[in-house]
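In what follows, a single structure is set out as structure tokens and then discussed.
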Amino acid sequence: MQNHPHLTYLDIVSKGKELNSFLLSFFPNSKKIYVKGNYPGLKVPFREIKVSKNEREGSTLPSFFYAYDTSGSYTDPSEGVEIGKGLFPLRAEWIKQRADTEFYEGRFKGNGQIAAKQKEPAFKNGYLDPSSRMPLRAKKGKGVSQMYYAKRGIITPEMEFVAIRENLGRKDFSLRQGQGPLYRQHTGQAWGTSIPEEITPEFVRKEVAAGRAIIPSNINHPELEPMIIGRNFRVKINANIGNSAISSSMSEEVAKLLWAILWGADTVMDLSTGKNIPQIRELIIRSSPVPIGTVPIYEALEKVGGVPEELSWEIYRDTLIEQAEQGVDYFTIHAGVLLRYIPYTINRLCGIVSRGGSIMAKWCLAHHQENFLYTHFDEICEILKTYDVSVSLGDGLRPGAIADANDKAQLSELFTLGELTKKAWDHDVQVMIEGPGHIPMQLIKENMDLELKHCFEAPFYTLGPLTTDIAPGYDHITSAIGAAMIGWFGCSMLCYVTPKEHLGLPNLDDVKTGVIAYKIAAHAADLAKGFPGAQLHDNFLSDARFQFRWEDQFNLSLDPLTARQFHDENLPQPAAKNAHFCSMCGPKFCSMKITEEVLSYAKKNNLTPEDALEEGMKEKAEEFKKIKNIYI
Ligand code: IRN
Ligand code: FE2
């Protein structure tokens with residue numbers, strides 16, 4: 001990106017105590033604030049963006065805007081977070097209070113040995129001592145998942161936390177009580193959804209109980225700041241990170257995690273293959289305030305030397321338990337790739353493009369047996385419910401070319417995912433459904449409608465979709481178009497695609513570009529759905545733009561430093577920050593400046609705005625006539 005062309009992961013991981021100020025420097029005039037809940041000690045983070053005094057007459061707009069904040073305590077200077085130290089385990093007490101779990105000696109010994117004969121892990125100044133880490137599991141006969149509690153009418157602190165988080169810009173902040181254009185909000189079209197004016201903990205509970213939303217929150221990830229994925233909530237985005245056999249290191253992946261959440265990733269998936277998978281994951285989970293997802297079949301495959309035929313249920317099961325003990329919040333499981341569907345992919349232009357899907361297809365064909373993820377699905381659910389790991393049912397047969405969109409292989413798998421959804425719900429396991437892929441625009445809505453119908457409204461989580469295949473190097477754009485559409489139609493989470501898609505492993509710049517492209521798609525969808533409060537951000541920025549409050553315009557944007565740099569390329573002088581024009585049109589041709597003049601003309605001459613426009617335009621016409629040879 002423009003403002004840090006040579007940023008490498010070392011620039012992030014070597015910051016030490018300066019990490020906070022370094023990360024905060026990308027958001028001038030912003031500070032971390034917390035909104036308290038009813039549950040003792042519960043506080044929900046937001047990023048407050050301070051704006052200068054509003055000059056609009058009669059404006060009651062406050063001088064701050066609260067943005068949804070995914071960056072955790074990395075942007076809270078009072079926390080003194082450093083890489084490797086781990087985060088404060090804010091959920092530890094909530095989980096303990098439920099009295100439904102027990103510590104036990106787990107399998108993972110990657111980051112120091114578990115102290116012998118200890119009953120509980122040790123904490124130093126409130127922080128977990130990594131060398132004493134022990135996993136938690138459900139006590140025998142107890143349910144621990146958010147869905148378990150939701151179905152029984154119980155509101156958890158996690159539910160209250162997400163309710164406050166989603167209520168941004170609503171009554172809590174008294175931002176919608178004003179009058180005039182700043183408060184104007186378009187009505188949206190939320191296809192088949194019913195988003196309430198106020199999101200209450202009880203509304204959250206109902207959505208989770210119905211399976212329409214999930215709160216991925218493994219009991220072994222106490223550092224997590226809970227978030228919700230469902231179509232009656234803000235559209236979320238996921239960023240994929242992870243090393244491959246040939247590229248990238250452990251600290252590089254942690255740098256990507258911090259970078260992704262700084263720019264707004266709501267969840268992060270660690271797709272590491274190659275060496276040190278458990279060690280990388282441990283560092284990522286302990287450092288992450290957002291839910292972490294994985295595709296466990298990748299690690300299982302690594303264990304058998306990369307030969308899919310050698311995979312077995314036992315190896316896979318052990319991998320699931322190890323990852324659940326570490327605190328992975330959701331697993332992608334390709335249980336819908338059935339043996340009989342594989343022949344449907346033969347005549348495709350691009351065959352099977354899912355990594356997990358192709359591994360399972362190879363196993364099924366080699367053994368001529370049904371997919372063991374499908375045949376052992378109940379046992380998988382038994383494991384997931386012990387730790388409250390959510391399942392993301394993988395789309396192993398998604399289309400990988402525009403020509404293959406919505407074909408028999410893809411849709412057959414979708415119907416099977418619906419069948420598995422019901423099974424998981426019987427175990428109180430939280431479910432979301434993965435979707436495509438490569439889909440032309442006219443076929444996107446059908447995907448959403450079929451998913452809702454056949455998967456009983458479980459949240460949809462799609463990869464893009466890419467709306468054309470002709471732009472390698474720009475697939476964050478080809479896919480953000482599809483992502484915005486499907487988000488509007490009801491998709492709950494959008495898996496980002498970076499400019500490196502189909503070409504190579506993304507670096508830090510690609511991660512940022514991908515996250516910002518998807519923040520745009522998700523927010524555009526929230527606007528179109530008429531999500532209460534979403535448009536307020538736009539109104540704040542539009543207002544700053546119209547009043548030529550340049551600094552505010554930069555600071556309110558998704559990427560303030562880039563916006564500022566683009567502006568400064570032509571007009572670097574400090575005085576230009578107050579100028580009522582920019583270098584795009586220059587002082588004489590700025591439409592906003594002209595309108596501003598029209599309005600003040602009206603005031604001076606006691607005209608209605610319509611008269612003024614007429615009068616003002618006549619005057620402007622005269623002015624224009626005086627400027628000669630403007631095109632030469
Ligand atoms: C999301 C929707 N469909 C696929 N995804 C993501 O793609 C999935 O969650 C994972 O992060 C990534 C790669 O999955 P495959 O290729 O193993 O299916
Ligand atoms: Fe692709």
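We count ligands from 1, going down the list as the structure has it; atoms in each ligand are counted the same way. No experiment lies behind these values; they were computed from the predicted model shown. No hydrogens, no waters, no symmetry mates; every other heavy atom, side chains included, goes into these values.
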May I ask you to identify the nearest protein heavy atom to [atom], giving residue, atom name and distance to one decimal place in Å?
{"atom": "atom 11 (O) of ligand 1", "value": "M269 SD, 3.1 Å"}
{"atom": "atom 12 (C) of ligand 1", "value": "N240 ND2, 3.9 Å"}
{"atom": "atom 3 (N) of ligand 1", "value": "D395 OD1, 2.9 Å"}
{"atom": "atom 7 (O) of ligand 1", "value": "L463 CD2, 4.0 Å"}
{"atom": "atom 5 (N) of ligand 1", "value": "E434 OE1, 3.4 Å"}

> For the Fe ion (ligand 2), what is the closest N, O or S atom on H502?
Replying inline: NE2
Atoms in ligand 1 with a heavy atom of [X] nearer than 4.0 Å:
{"X": "H334", "result": "15 (P), 17 (O), 18 (O)"}
{"X": "L271", "result": "11 (O)"}
{"X": "T332", "result": "9 (O)"}
{"X": "R355", "result": "15 (P), 16 (O), 17 (O)"}
{"X": "S354", "result": "15 (P), 16 (O), 17 (O), 18 (O)"}
{"X": "G356", "result": "15 (P), 17 (O)"}

Side-chain H-bond candidate by donor/acceptor type, [X] with [Y], under 3.5 Å:
{"X": "Y518", "Y": "D266", "value": "no"}
{"X": "E413", "Y": "Y344", "value": "no"}
{"X": "T294", "Y": "Q323", "value": "yes"}
{"X": "Y330", "Y": "T267", "value": "yes"}

>> Distance check, rounded to the nearest 0.5 Å: T421 atom OG1 versus E451 atom CD?
In response: 8.0 Å
State whether the shortest distance between N or O atoms of [X] and N or O atoms of ligand 1 falls below 3.5 angstrom.
{"X": "T462", "value": "no"}
{"X": "G357", "value": "no"}
{"X": "N238", "value": "no"}

>> Parallel, tilted or perpendicular, judged at 30° and 60°: which one describes the rings of F415 and H454?
In response: tilted
>> In terms of relative ring orientation, are H438 and H502 parallel, tilted or perpendicular, with 30° and 60° separating the classes?
In response: tilted
> So is G435 in contact with ligand 1, going by heavy-atom distances below 4.0 Å?
Replying inline: yes
> Is Y298 touching ligand 1 with its side chain, its backbone, both, or neither, if touching means heavy atoms under 4.0 Å apart?
Replying inline: side chain
>> Among K303, E299, E314, which residue satisfies the side-chain hydrogen bond (donor to acceptor under 3.5 Å, both in side chains) criterion with T319?
In response: K303
> Does atom NZ of K445 have more than 12 heavy-atom neighbours, drawn from other residues, nucleotides or ligands, at distances under 6.0 Å?
Replying inline: yes
>> Apply ring-ring contact (aromatic ring centres under 6.0 Å, His included) to residues F26 and W259 and explain how you reach the verdict.
In response: CA-CA 11 Å; F26 291 96; W259 200 229; 5.2 Å; yes
>> Between K385 and A424 (side chain of the first, backbone of the second, donor and acceptor by atom type, cut-off under 3.5 Å), is there such a pair?
In response: no
